[in-house]
Amino acid sequence: MFVRTAALAAVLTLAVSSAAFARENGTAVSPCPSGVALEGWGEPAFCEEFETVLDPAEWVLYDSPGHAGNGIRSPGQAFIGGGSLFLYGTADGTTAGMATRYSQPYGRWEARIRLYPGAGSYHPVALLWPDGGGGNVRSATGEEIDYLEVIDDPERQRANFFLHVGGRQEQAHANVDMTQWHTYAVENTPDGVVGYLDGREWFRSSQHTTSPMSATLQLDWFPGEGTPGEAWMEVDYLRIYRSPAG
C-alpha cells in the first residue's frame with residue numbers, strides 16, 4: 001500500500017497529445033537531450049524522456065486483453081509524472097503496455113528503469129517485437145528480444161534476458177537490485193545480439209533478428225504464477241540508435 005500511495009502521489013494521469021514533435025524523413029522523432037550521443041552509434045534516432053504528454057503518432061497504448069488473454073491492458077494504467085513513465089498493474093490483472101510506432105531492424109535500444117517490490121505474478125518487461133509492438137500475444141515472425149524480463153520475483157532481484165529467433169531461445173540472468181535505477185540496453189546487428197546492464201555486457205549471441213522491431217514496455221500478468229497483488233514499473237527514458245547496417 002505504501003508503494004502504491006507514494007507512486008500515485010508522484011504521477012499525473014497520462015495524456016495523449018497530437019502535438020507535433022521534430023520530424024525527419026516523414027517520421028516523428030521526439031527531441032533528444034544533449035550529450036546522449038554514443039561512440040559508434042551517434043545521436044539517437046528516437047528519444048522519449050517522458051517529460052510531457054505522449055504523441056499518438058509515436059506511441060501505441062494497448063487497449064486489449066492481457067498476455068495470453070489474462071486480464072486487461074488499459075491505457076488508463078499508464079501515468080506520467082516527475083519525468084517518468086509509470087505502468088501500474090492491479091490485483092485483478094488490469095495493467096498496461098505500450099509500443100513505439102518507430103521501428104528498425106538493426107540498432108541499439110536503451111531504457112533506464114526502476115521497479116518496485118510487488119506481485120510475483122506480474123512480469124515487468126522491456127522488449128523488442130516485430131512492427132506494431134507486443135499488443136498481440138504471438139510474434140508475427142517468431143522473433144522477440146526481451147532485454148529485461150522479471151519472472152516470479154516479488155523483490156525484483158533477478159533480471160532475465162531472452163532472445164527468440166529461428167524457433168530457438170537463448171537466455172541469460174543477472175542478480176541485481178532492480179528497485180534501484182539501472183540502464184538496460186540491447187544491440188541487434190547482422191553480427192549478433194549483445195545485451196548490456198549499466199553498460200556492462202551480460203548477454204551475447206551470434207544469432208540476430210531481421211524484422212523491423214518496435215520497442216515495447218509491458219507489465220504482463222500471469223495469474224496463478226507467483227504471488228498475487230499489485231505491481232509498478234517506472235521508466236525514466238527510452239532511446240533508440242540506428243545501426244550503420246540500417
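The chain is numbered in sequence order, starting from 1.
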Engineer: Give the cluster check for Val150 versus Phe222: same hydrophobic cluster or not, with ILVMFWY residues linked at side-chain heavy-atom distances below 4.5 Å.
Structural biologist: no
Engineer: Is it true that Glu230 and Thr90 share a donor-acceptor pair across their side chains at a distance under 3.5 Å?
Structural biologist: no
Engineer: If we ignore angles and hydrogens, is there a donor and acceptor under 3.5 Å between the side chains of Glu225 and Ser121?
Structural biologist: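 Short answer, no.
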Engineer: Quick one: do Trp202 and Val176 end up in the same hydrophobic cluster if we chain Ile, Leu, Val, Met, Phe, Trp and Tyr together by side-chain heavy atoms under 4.5 Å apart?
Structural biologist: yes
Engineer: Considering only NZ, NE, NH1 and NH2 on the basic side and carboxylate oxygens on the acidic side, decide whether Arg168 and Glu170 come within less than 4.0 Å.
Structural biologist: no
Engineer: Going by the angle between their ring planes, with limits at 30° and 60°, are Tyr88 and Phe79 parallel, tilted or perpendicular?
Structural biologist: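 Tilted, since the angle between the ring planes falls between 30° and 60°.
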Engineer: Tell me, please, whether Trp59 has Arg101 positioned over its six-membered ring: NZ or CZ under 6.0 Å from the ring centre and within 45 degrees of its axis?
Structural biologist: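 No, Arg101 and Trp59 do not form such a contact.
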Engineer: Students often mix this up, so state it plainly: with edges at 30° and 60°, are the rings of Tyr102 and Phe46 parallel, tilted or perpendicular?
Structural biologist: parallel
Engineer: Between the side chains of Gln157 and Asn175, does any donor sit under 3.5 Å from an acceptor?
Structural biologist: no
Engineer: Does Arg239 qualify as a cation-pi partner of Tyr237, given the criterion of NZ or CZ under 6.0 Å from the six-membered ring centre and within 45 degrees of its axis?
Structural biologist: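 Geometry flag: set, cation within 6.0 Å and 45°.
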Engineer: Assess Arg204 against Phe161: is NZ or CZ under 6.0 Å from the centre of the six-membered ring, and within 45 degrees of the ring's axis?
Structural biologist: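 Relative to the ring axis of Phe161, which defines the angle, Arg204 lies outside at least one limit.
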Engineer: We want to know whether Asp236 and Ser84 form a side-chain donor-acceptor pair, criterion being a heavy-atom distance below 3.5 angstrom.
Structural biologist: no
